[in-house]
Student: 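Can you read through this structure? Questions will come right after.
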Amino acid sequence: MSQKVIFDTDPGVDDALALYYLLRHPQIDLLGVTTVFGNAPIEVTTRNARWLLREWGRDDIPVHAGASATMTRDMADESFPTHIHGLNGLGDIPIDMPAGPVSETAARFIVETVRANPGQVRILAVGRMTNLARALALDPGIAGLVRDVVIMGGAFRVPGNITPAAEANIWGDAQAADIVFGARWPVTAIPLDLTTQTFMDAATLHDLARRGGEGMRLVAELSQDYVGFYRGAGYDGMLVHDCCAAVFLTDPDLFALTHGEVRVVDRGIALGLTIMNPEDRKGPPADWEGRPRQSHAHDGDAAAILARIDEVCTAR
Ligand SMILES: [Ca+2]
């Protein structure tokens, strides 16, 4: 049976592979794409989402621009990670579409789509959680109407990637993430604990491009600088963070989950740290009390996840 999905994203190189996976998967019915700032400014991530869909022949799928800034208070100004995703967010490959001004419609689109499909919509969020938190603020009732929320984000038992404490998507809007984990909808986080095991080496990426046709060649082409970034860190290939979360939608059996209430540190040096109250923990629940139990993937079958991406992205 097909799954109705809203994809919330900040393309972003690994976002592009995740989007391609969703488009290619026969069981995914992509209702719309909502964009958030993160890997690049909102005008750029929105343009990139539109351009990718056009290049892949799916500009029938609506794109709604979302947040252009974090809702977390007292965050220092930050620069965009151009050393990872390029100046244009997609590895600086040529993009023949200008990044013009956008108006913010993402939260409204999420609310309306969830209301029109009660109990059916799965939200896959692979950027900062700002749009999801704004949708909840607009209409708290959607929490009970969403099928579930799957996010790429968090670092529960491993160090973060943007600071020793935090993973970048959560760090980028810790307050929004805390709201998302605290809402009464089922949330599954696919954190660094798992995604740092899903390494696609450069030879595999090259082979995918060779077998996957034009669409997959575009993914490989825009990933080259990203691979170069990892090469600088001593790896020959790339981590497929966002696509890992997309695979969770279709193949949850490949993921090992832990459950508990989650809080996100929203200030100080541990900004963005995700802390789950373990199921077997004794003692007072403190600030975790009354929160819904959510899930995160502490482990999974990384080889099978990569094989699944290969299969879906190269199928004729
Ligand atoms: Ca992303």
Side-chain angles (χ1 to χ4, degrees), residues 5-23 30 32-53 63-70 78-93 106 110 122-133 149-155 160-162 166-174 176-177 180 187-196 198-200 219 222-223 225-227 229-230 238-249 272 274 297 305 309:
V5 174
I6 295 174
F7 184 47
D8 188 76
T9 177
D10 62 336
V13 173
D14 59 322
D15 301 73
L17 177 60
L19 177 58
Y20 192 62
Y21 180 88
L22 296 174
L23 294 176
L30 190 56
V33 173
T34 52
T35 55
V36 62
F37 84 108
N39 289 326
I42 188 65
E43 296 79 9
V44 174
T45 57
T46 305
R47 182 276 312 273
N48 290 353
R50 291 199 171 113
W51 182 76
L52 287 168
L53 286 170
V63 175
H64 289 270
S68 58
T70 182
E78 48 174 311
S79 53
F80 294 102
T82 52
H83 61 300
I84 304 176
H85 296 272
L87 283 169
N88 71 2
L90 292 179
D92 288 337
I93 57 160
I110 291 171
R122 309 189 75 179
I123 301 175
L124 173 63
V126 298
R128 302 169 190 225
M129 309 300 142
T130 321
N131 291 339
L132 277 59
V149 174
V150 176
I151 68 166
M152 188 280 129
N161 54 1
I162 193 150
E167 180 279 329
N169 286 342
I170 304 290
W171 176 90
D173 202 338
V180 168
V187 178
T188 304
I190 309 299
L192 294 181
D193 306 60
L194 174 61
T195 65
T196 51
T198 58
F199 185 75
M200 184 179 283
V219 176
L222 64 85
S223 301
D225 282 9
Y226 193 66
V227 170
F229 162 76
Y230 279 110
M238 63 181 198
L239 292 171
V240 294
H241 299 289
D242 289 354
C243 199
C244 213
V247 175
F248 179 77
L249 294 180
T274 44
I305 291 166
I309 295 170

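In listed order, ligands and their atoms are each counted from 1.
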Student: Please determine whether D15 has a backbone or side-chain N, O or S atom lying under 3.0 Å from the Ca ion (ligand 1).
Tutor: yes
Student: Over 60° means perpendicular and under 30° means parallel, so classify the ring planes of Y226 and H85, tilted if in between.
Tutor: tilted
Student: Starting from the Ca ion (ligand 1), look over the N/O/S atoms of D10 and name the nearest one.
Tutor: OD1
Student: Is V126 close enough that one of its N/O/S atoms sits under 3.0 Å from the Ca ion (ligand 1)?
Tutor: yes
Student: Are any non-hydrogen side-chain atoms of L19 and T9 less than 4.5 angstrom apart?
Tutor: no
Student: Determine whether the side chains of T45 and D10 contain a donor N or O and an acceptor N or O closer than 3.5 Å.
Tutor: no
Student: State the CG-CG distance between N48 and N88, to the nearest 0.5 angstrom.
Tutor: 6.0 Å
Student: Please name the atom of D242, limited to N, O or S, that comes nearest to the Ca ion (ligand 1).
Tutor: OD2
